[in-house]
Amino acid sequence: MSMTLDTSLQGAAERALGAMRAQGFDAAMASACRKQLDELNAEQNAPSLLRSTRSQRLSLVGLIDGRKAATEVSGWDDDEALRAAVAALWNDALAAPADEANAVSAGQHARIEQGPPEGDLGLLAAKVAELLAFRAEATPGFVLKEGLASHSVTHTHTLTSAGSDLASRVGAYSLVAMGSAREGTASSSFNYAGGDTHALGALPAHEHFGIGAFMRDTLRQVKTRPLAANFVGDVVLTPAATASLLQWLQAQIGDERLIAGASLFRERVGEPVASPLVTLRSRFDAPGVAAVSADGFVAAPVTVLQDGVLRTLTPSLYASRRAGVRHVPTAAAGWSLEAGATPLAEVIAAVPRGALVDRLSMGQPAPNGDFSALLKNSFAIDGGQVGDALGGVMMAGNMARMLHDVLAVSHERIDTGALVLPWLRIGGLHFS
Amino acid sequence: MSTHYAESRQHELRKTRIVMIDGHVASNTSTVDAGLSARVREGGYWGFAALPSSASAADAHELALRNARAMARFGPRDDSLALPGGAYRGTHEFAGAPALGARENLERLSALQAHCRARYPALKSLRLVAQEEQHRKQIANSLGADTLASIRRAMLHVFMTVEDAAGAPVELMDSFTCKGGFGDLDLSLAALSPALDSLHEHLQAKRDAVPVRGGAHTVVMAPRLAGMLAHEAMGHPCEADIVLSGAVTGDLVGKRVASDLITMVDYAHSAGGGEAMMPVFADDEGTPARDAVLIERGVLREFMSSRETAARLGIAATGSARAYGPGDEPLVRMRNTGIVPGTSRYEDMIAGVDDGYLLVATSNGQADSTTEFMFGINMAYEIKNGKRGRAVRQTTLSGSAIEVLKSVDAVSDDDVWSSAGYCGKKQTMVVSMGGPAIRARAHLGGE
C-alpha cells in the first residue's frame, strides 16, 4: 500500500525542517501537501465545465523562545524562496510574545492511505449525466443551478523537530446538486445536497446523499404559506438542519471559546448536557478525511457525547495548554450522531404541531445558544401529518436547550461522508 | 469545433492573520497562494486548468483545452454564442501606506488589548482578529484584454465578552476595515475609542436583553446594515447566473420592486467621488467593468453579469466575473453594493417610530431565488414612542426583499461602507457594501 504515498513530499518536508533548524528555531513543523482535483460541472440543467487544478503547499510553524509564527507558501522547489520564507517566519516569530503554551507535536507516527487514488473521468461524466437525466424525468420543474461530480486526491507529509512523522494519501469522490423549483413566475427557495464517498459508482447519482429526495421535496416548496398565528411546538430537524446544531456544539468545545473562557461547557465534562438519546462519536476515517489534526497529531476515535453526557472537550495542543484542559486531537471533519430506535415516520407522526425543517437560515447563534432562524425548505406538521411548505416562518430558541430537549432520534440517517446524521425531534421551539 | 475564447490568469493571494485572545497570540500566520490558470471555450463547453506558478502558461492552456474537448462526450452543444464585452488593457494597483512588519502589528494589537483591559475591567474576554489580504491578478484573453490589477483590504474584528447575571457568556463584535494593508488601518485610540466605548455600552445593555416579539415590525436599520440589506435582499437575486437559474427577478425588469426612495447600485470601481473599497476596473474575463444600476427609484433596471450570462440573457456585460483563488474559475459576483443615501436624518427616523425596533449590528446573511432574505441581528433595541428602549436578544431579520423594500418610508443621508466579510457562492469572495439608514417593515424572529 505504501507504494501510493508521494515520497517526494517527505524530501520537501525534510528540506524545510532542515532550513528551519539552520535558521535557529527551537522547534518546528513542516508539512508538504500536493492536491489534484478534477471537477465536472453542470449549470442551468446542462453540462458546462471540466475544471482541473493541481496545487502544492508548504506549511511551516516555527518556535523560538516560546514565540511562534506560521506561514504557507505555494511551492518548495526553489531553495532561495524557501530560505526567504524561513527568514520571514523567523522575523514573525521573534515579534510575537513568548507563550509557554506554544509547542509542536512530538512522537506521532501515521501512514494513512484511503479512498481511490485516481479519478475516473468517465465515472464523473456518467454521474453528471445521471443527475441531469433524473432531473429531466423525475423532477422536470427543478432547475439545477449547479451540479458537480469531482475526484480529489491529497498527499501530505508532516514532520516535526520533535520526531513526529505523519503521511497521508486521501482520495475521494464528491457529488453535489444545488437548485430550486420553478412554476410559472413562482420559485422555491434554493436548496442543495451533496457529500463525499469512496464509491461514487455504487449508487445512481440521485440516491447519493439524499439528492433525489431533496429535488423531489423542492418541487413541493414553490407554493408556501405563512403561519396563521405564533405558537410553541416541536421541530423535526432533517440531517442538514441537525448539522447546524452540531456546529454550534463543536464551537463551544473548541479552541476559541475554551481559550477565552467563554464556553458553556468548559466545566461540564462528565455531566449531562444533552438528552440521553444523543450520542456523538468521531468517524475520522470518513471519505475525504485524514485522521490527523491540523497541529500534527494522530486523531484517535473519540466519543464527545455518550447518552447525553459530555465526555470530552476538543482543544488543540495550544488551546489545551492555554486553557488547562486535556488535549484531544480531532481531524478536520468526520462526525456521527448515533441512530435512534424510532422510524422517521413515527418521529414525525408524534408531533402534534410544529415543522419539518431542512434549513435553518440564520446568523451566528449567540455564545449562550440564543438564536432565531428563517425556516427554509420546510413543511408544517399538524397532528402528525406533514402539510404545506412554509414561507416567511421563523423559529427561535436556544441551542443548549435544544440539546436537552431532543425527544426522538430517527433510525434513518444520511451519510455525507463528513457527517452521518439522523432526523431529530425537539420540543419547545417558538414559531412566528 | 472552434475555440471561441481563451483566457489566462496569473494570480497571487497573500494573507496575514493575527488572532490575539486576552493578550495571547493564538495565530500569527502569513500565507501566499500563487498559481496560473487558463480557461478555454470550445464546442460550447468550458475547460479550466490551474497549475502551480512553476508550470508554464502553455501547459495550463493545453490542459484547459483538453478539458473543454473532453466535454464533447455530452454531445454537440450550440457553439454560436458570441461572448459580449470589450477587452480592457490597463494597470490598477493600489499602493497605500508602507507595509507593517509583524512586530508593529503585534505591538498595535497589544496596545489595544491593554487599553481595553484598563478601560473595561469587567470584560470576561477580549478577542482581536486582524487580517490583511491582497489579490494580484494579471489577465489576458483572446479578445485582446491585458490587465494587471490588485485589490487589498485590511480589517480588525474586536470581540468583547462579558457574563450575564447567570454567568452565561454575552458577546458582541465590531469591525474596522479599510482599503489597503495594515499600514492603512487606523488603529489609534483617537480613531477607535468612540467605537470601542459604543461597543462596550451595547454589550452592557445586551446583558439584560429581553426577547424580541416575533413577527412583522417597523424597524430602523442603522447605516451599517444597509449594505447587508442591499447585498442579500436584491444583490444576489440580481446576479445573472441566479436569474438564469429561475430567480423571480428574471420577470421583473422595468417593474416596481421597491419604494421610490430606493436606488441600489453595484459599483464597479468608483463611488461617492472616489475609488471604491474593492475597485474592479476589469473583471477576471478582461471585461471593462461598469456600474450595474440594480434598482433606480424603486424600479428594477438590470443584472450583474459575466460574458456568458450576458450573452444568454441578451444584455450588456457588466464585468462582474470574479475568481477568488488561483484555482477558481470566474463566477458572477458583486463588487461594491450599496443603497444611495436619501435625505432623512437617522435620529428623526427613530423618533418617528411609536413601536418598533432599532437594529444596530448584524452578522452573516443569506439570499434566495425567491428574494426571501435574512440576516442575523447581533444587537438591537426596542423603540417605544420614538425613544430607544431595552436591548433585545439575538434575532434574525427576514422578509421578501420586494415587500420590505416597497415598505421603505425613510432613507437617511448617511453613507457608511465596510469590507469586513466574505460573500459565499461556491467560492468565497471579497466584496464591500454600504449605504444609509433605512426604515421599513420586516419580520423579526422571536417569541
Side-chain angles (χ1 to χ4, degrees), chain A residues 44 47-56 68-75 77 88 91-92 95-97 99 121 125 129 143 145-146 179-180 182 185 187-190 230 256 259-262 264 318 322 361-368 370-374 391-392 394-396 430 432, chain B residues 21-22 24-26 28-35 46-54 63 67 70-71 73-74 101-103 106 124-125 127 161 168-171 214-215 244-248 251 327 329 363-364 366 368-370 372 374-376 393-396 398 426 443 445-447:
Chain A
Q44 283 105 40
S48 59
L49 164 75
L50 177 57
R51 168 172 169 255
S52 298
T53 68
R54 314 285 183 257
S55 60
Q56 54 187 37
K68 185 170 111 174
T71 191
E72 281 182 17
V73 292
S74 289
D77 296 331
N91 288 332
D92 286 355
D99 187 339
L121 181 57
V143 182
K145 158 87 177 64
E146 291 170 16
S180 59
R182 178 100 186 183
T185 57
S187 172
S188 75
S189 289
F190 278 125
N230 295 1
E256 287 201 353
I259 295 171
L264 291 181
Y318 174 77
R322 168 66 27 230
S361 182
M362 60 183 173
Q364 296 289 337
N368 69 1
D370 284 351
F371 76 97
S372 72
L374 180 62
M394 305 194 78
M395 185 177 89
H430 293 261
S432 63
Chain B
I21 305 175
D22 299 326
H24 303 292
V25 178
N28 177 23
T29 305
S30 296
T31 64
V32 183
D33 184 8
W46 291 97
F48 178 87
L51 300 176
S53 297
S54 55
L63 180 54
N67 281 351
M71 294 294 286
R73 71 179 62 217
F74 288 102
R103 186 174 301 280
L106 285 159
K124 170 81 174 168
S125 176
R127 196 158 91 246
T161 308
V170 180
E171 185 178 276
L244 283 165
S245 298
V248 297
D251 301 315
E329 77 278 25
S363 56
N364 53 310
Q366 287 174 5
D368 206 338
S369 54
T370 59
E372 187 182 42
M374 60 68 53
F375 49 87
R393 287 186 195 158
Q394 203 94 350
T395 185
T396 299
S398 73
K426 191 180 183 196
H443 198 131
E447 295 184 1

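Throughout, protein chains are lettered first and strands after them, A, B, ... in sequence-line order, and every chain is numbered starting at 1. Basis for what follows: all heavy atoms, side chains included, without hydrogens, waters or symmetry-related copies.
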Next on the checklist: Can you confirm whether A:Leu121 sits close enough to B:Arg73 that some side-chain heavy atom of one is under 4.5 Å from a side-chain heavy atom of the other?
Outcome noted: yes
Quick one: what part of [X] sits under 4.5 Å from any heavy atom of chain B, side chain, backbone, both or neither?
X: A:Ser361; answer: both
X: A:Tyr318; answer: side chain
X: A:Arg51; answer: both
X: A:Ala88; answer: neither
X: A:Asp99; answer: side chain
X: A:Asn368; answer: both

Checklist entry - Cut-off 3.5 Å, side chains only: do B:Ser363 and A:Gln364 have a donor facing an acceptor? => result no
Checklist entry - Hey, are A:Ser52 and B:Asn67 close enough side-chain-wise for a donor-acceptor pair under 3.5 Å? => result yes
Say you draw a straight line from [atom1] of [X] to [atom2] of [Y]; how long is it, rounded to the nearest 0.5 Å?
X: A:Lys145; Y: B:Ser369; atom1: NZ; atom2: OG; result: 11.0 Å
X: A:Lys68; Y: B:Thr29; atom1: NZ; atom2: OG1; result: 8.0 Å
X: B:Phe74; Y: A:Ser48; atom1: CZ; atom2: OG; result: 9.0 Å
X: B:Glu372; Y: A:Leu374; atom1: CD; atom2: CG; result: 4.5 Å
X: B:Asp251; Y: A:Thr185; atom1: CG; atom2: OG1; result: 6.0 Å

Checklist entry - Of all of A:Pro365, A:Ala396, A:Gly392, A:Ser55, which one pairs up most often with chain B through heavy atoms under 4.5 Å apart? => result A:Gly392
[X] (side chain) donor-acceptor with [Y] (main chain) under 3.5 angstrom:
X: B:Asn28; Y: A:Asp92; value: yes
X: A:Ser372; Y: B:Thr396; value: yes
X: B:Asp33; Y: A:Ser74; value: no

